[in-house]
Protein chains: 2
Amino acid sequence: MQKTIQKRTLKTRARLFTAAEAVIEKNGYEALRVDEVVQAAGVAKGTFFAHFRDKDELMEILIGQKLVACFDQVEKGPMPKTALEIIDALEPIHSFMTSERYVFDLIIRYSGATAIAEIGPIAMCFERYVRMTAVWLESAEVRGDVSADLLAEGVQAFALQSMSLKYCALHESQSFRDRLEVYLNAWLNPIVQKT
Amino acid sequence: MQKTIQKRTLKTRARLFTAAEAVIEKNGYEALRVDEVVQAAGVAKGTFFAHFRDKDELMEILIGQKLVACFDQVEKGPMPKTALEIIDALEPIHSFMTSERYVFDLIIRYSGATAIAEIGPIAMCFERYVRMTAVWLESAEVRGDVSADLLAEGVQAFALQSMSLKYCALHESQSFRDRLEVYLNAWLNPIVQKT
DNA sequence: ATCAAAAAATGACCGCGGTCAATAAAAAAT
DNA sequence: ATTTTTTATTGACCGCGGTCATTTTTTGAT
């Protein structure tokens with residue numbers, strides 16, 4: 001069973017990516033139309049779907065790339081030690097995730113791997129989010145009664161909750177940052193009187 | 001500015017609902033097609049969109065109805081006192097929310113009110129989730145350093161996180177219930193040594 | 001009862017994502 | 001160099017959600 005990939009294929013694929021990025025640059029993610037991309041790339045519509053399962057797959061790749069860049073940037077910075085520092089450290093990631101409603105929805109939808117075989121780029125970022133945060137929490141000034149991994153998953157849960165509420169008119173009085181700060185203080189530094 | 005609603009309107013609307021429910025009963029939510037509904041209801045396609053902004057609006061209403069029924073059932077039961085009892089009490093709600101991938105995605109997408117003016121049925125359920133849980137937590141055996149409202153929002157965040165992971169192949173080893181139990185124990189009953 | 005105005009229903013039509021049998025181009029076999 | 005086989009590309013076509021000018025029905029005024 002051979003499967004030689006022609007170099008023509010790579011060229012076509014590259015042109016599709018370039019075209020898609022240009023289209024997004026102009027009008028954002030939501031407004032992207034497959035027809036516009038293939039026209040800009042100078043290929044037929046069918047070719048698009050020979051390279052990507054569906055429009056979402058292209059989107060997942062492109063958004064995943066940007067997300068990875070955000071993570072790289074965040075990991076270059078210094079290790080945060082407190083809840084507030086963690087929030088600030090994660091800011092570039094959260095900022096991109098909520099840059100467009102369409103982007104946020106797509107990220108949520110693809111945050112889980114459908115099959116173990118194929119973990120998509122966004123699902124990988126969600127894994128990375130927890131791993132990275134867990135490392136921070138390992139040596140941060142936080143509660144020690146539960147594992148850093150568990151704490152990290154909680155941080156993710158609260159960050160997602162805060163981002164969701166950002167799109168909710170009922171809660172727009174409080175800013176994303178303030179809300180997440182309240183959550184994380186309560187999650188990472190509970191003050192409990194022993195009974 | 002008058003706007004008399006004819007009783008014909010209500011009849012048509014009712015027929016659309018009945019037809020939609022029948023269609024869903026047969027093949028589930030995801031497979032519903034507007035064409036199938038209007039045919040079953042014996043009306044033209046345009047009529048559908050005179051009654052509902054789009055297909056999602058109908059779905060939101062139907063799924064919202066079911067959700068409300070779940071809440072009513074849950075509120076009939078006894079007040080849970082512990083993390084575990086809370087998980088069990090909420091089970092009917094979580095169960096319906098994850099009954100179909102399509103249903104879960106739609107619920108997430110409409111969990112926030114787009115505009116304050118029109119709070120959709122699902123957004124109302126999300127409010128109700130927190131209100132109800134907060135009342136429970138008011139008199140439950142849980143930490144007292146933060147408000148019951150905040151604790152309730154956390155419960156919601158962790159429940160959503162657990163549900164999301166249910167659809168993630170990378171985390172399917174742990175069951176929804178076990179995962180949520182770990183989260184809620186850490187959230188509601190932290191054990192911290194005073195420094 | 002008659003007629004004008006408001007409300008509701010209609011269905012041909014459009015946009016856009018996605019398919020697939022036919023065709024072209026490249027690689028391998030001769 | 002020629003044929004065969006594999007791989008890529010094409011574009012007409014389809015499904016389905018959603019629109020809108022036109023028609024039908026209802027209502028309220030005379």
Side-chain angles (χ1 to χ4, degrees), chain A residues 1-20 22-24 26-63 102-103 105-106 109-110 114 120, chain B residues 1-20 22-24 26-63 100-103 105-106 109-110 114 120:
Chain A
M1 189 195 283
Q2 63 198 55
K3 194 165 60 171
T4 344
I5 30 156
Q6 311 178 356
K7 51 192 160 194
R8 177 174 55 148
T9 312
L10 299 174
K11 243 176 102 175
T12 305
R13 196 179 168 85
R15 290 174 65 191
L16 282 168
F17 274 123
T18 310
V23 168
I24 289 166
K26 203 166 26 126
N27 300 318
Y29 290 91
E30 173 138 42
L32 182 140
R33 297 285 168 268
V34 173
D35 283 299
E36 202 179 347
V37 173
V38 295
Q39 188 165 2
V43 300
K45 200 170 186 177
T47 304
F48 182 97
F49 293 97
H51 286 264
F52 308 103
R53 189 182 348 95
D54 51 25
K55 178 179 153 178
D56 276 359
E57 186 173 306
L58 169 69
M59 288 310 208
E60 202 195 341
I61 293 171
L62 291 176
I63 290 174
Y102 175 86
V103 171
D105 284 349
L106 191 135
R109 199 142 34 82
Y110 285 92
T114 317
Chain B
M1 190 196 281
Q2 63 197 58
K3 196 165 58 170
T4 344
I5 29 155
Q6 311 178 356
K7 52 192 158 193
R8 176 176 53 150
T9 311
L10 300 174
K11 242 177 104 175
T12 305
R13 196 178 168 87
R15 288 176 67 191
L16 282 168
F17 275 123
T18 310
V23 168
I24 289 166
K26 200 163 30 124
N27 298 319
Y29 289 90
E30 174 139 43
L32 180 140
R33 296 287 168 267
V34 173
D35 283 297
E36 202 180 345
V37 173
V38 296
Q39 187 165 2
V43 299
K45 200 171 187 176
T47 304
F48 181 97
F49 293 97
H51 286 264
F52 307 103
R53 188 183 350 95
D54 50 25
K55 179 179 154 177
D56 275 1
E57 187 173 305
L58 169 68
M59 287 310 208
E60 203 195 339
I61 293 171
L62 291 176
I63 290 173
E100 231 183 278
R101 176 75 205 249
Y102 175 87
V103 170
D105 285 348
L106 191 134
R109 201 143 33 83
Y110 286 93
T114 318

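Bear in mind that the values here come from a model prediction, so they are computed numbers and not experimental data. For the numbers below, each heavy atom of this structure counts, side chains included, while hydrogens, waters and symmetry mates do not. Reminder, nothing fancy here: chain letters follow the sequence lines and each chain counts from 1.
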Quick one: label [X] by what it contacts on the DNA or RNA (base, sugar-phosphate, nothing), any heavy atom closer than 4.0 Å.
| X | value |
| --- | --- |
| A:Thr47 | base |
| B:Lys45 | base |
| A:Leu32 | sugar-phosphate |

Tell me: [atom1] of [X] to [atom2] of [N], nearest whole Å?
| X | N | atom1 | atom2 | answer |
| --- | --- | --- | --- | --- |
| A:Leu10 | D:dT7 | CG | C1' | 13 Å |
| B:Gln39 | D:dC16 | CD | P | 12 Å |
| B:Gln6 | D:dG28 | CD | C1' | 12 Å |
| B:Arg8 | C:dA6 | CZ | P | 16 Å |
| B:Arg13 | C:dA9 | CZ | P | 11 Å |
| B:Phe48 | D:dC20 | CZ | P | 17 Å |
| A:Asp35 | C:dG15 | CG | P | 11 Å |
| B:Phe52 | C:dA9 | CZ | C1' | 15 Å |

* Starting at the 5' end of DNA chain D, which residue's closest nucleotide do you reach first, B:Lys7 or B:Asp56? -> B:Asp56
* Structure fact -> A:Ala19 and A:Val37 have their tightest heavy-atom pair at CB-O, 3.6 Å
* Asked: Which atom names give the shortest non-hydrogen contact between A:Tyr102 and A:Met59, and what distance separates them?
  -> OH-CG, 3.5 Å
Which nucleotide in the set [options] lies at the smallest distance from any side-chain heavy atom of [X]?
| X | options | answer |
| --- | --- | --- |
| A:Lys55 | C:dG18, C:dA8, C:dA25 | C:dG18 |
| B:Ile5 | C:dA8, C:dA9, C:dA26 | C:dA8 |
| A:Asp54 | C:dG18, C:dG11, D:dG11 | C:dG18 |
| B:Phe49 | C:dA9, D:dT19, D:dT7 | D:dT19 |
| B:His51 | D:dT7, C:dA9, D:dG17 | C:dA9 |
| A:Thr9 | D:dT10, D:dT7, D:dA8 | D:dA8 |

* Structure fact -> dist B:Arg53:CZ -> B:Glu60:CD (nearest 0.5 Å) comes out at 7.5 Å
* To do: With rounding to the nearest 0.5 Å, note down the distance linking CZ in A:Arg13 to CZ in A:Phe52.
  => 4.5 Å
* To do: Answer yes or no: does atom CG of B:Leu10 have more than 12 heavy-atom neighbours from other residues, nucleotides or ligands under 6.0 Å?
  => yes
* Asked: Does B:Thr12 have a side-chain nitrogen or oxygen under 4.0 Å from the phosphate oxygens OP1 or OP2 of C:dA9?
  -> yes
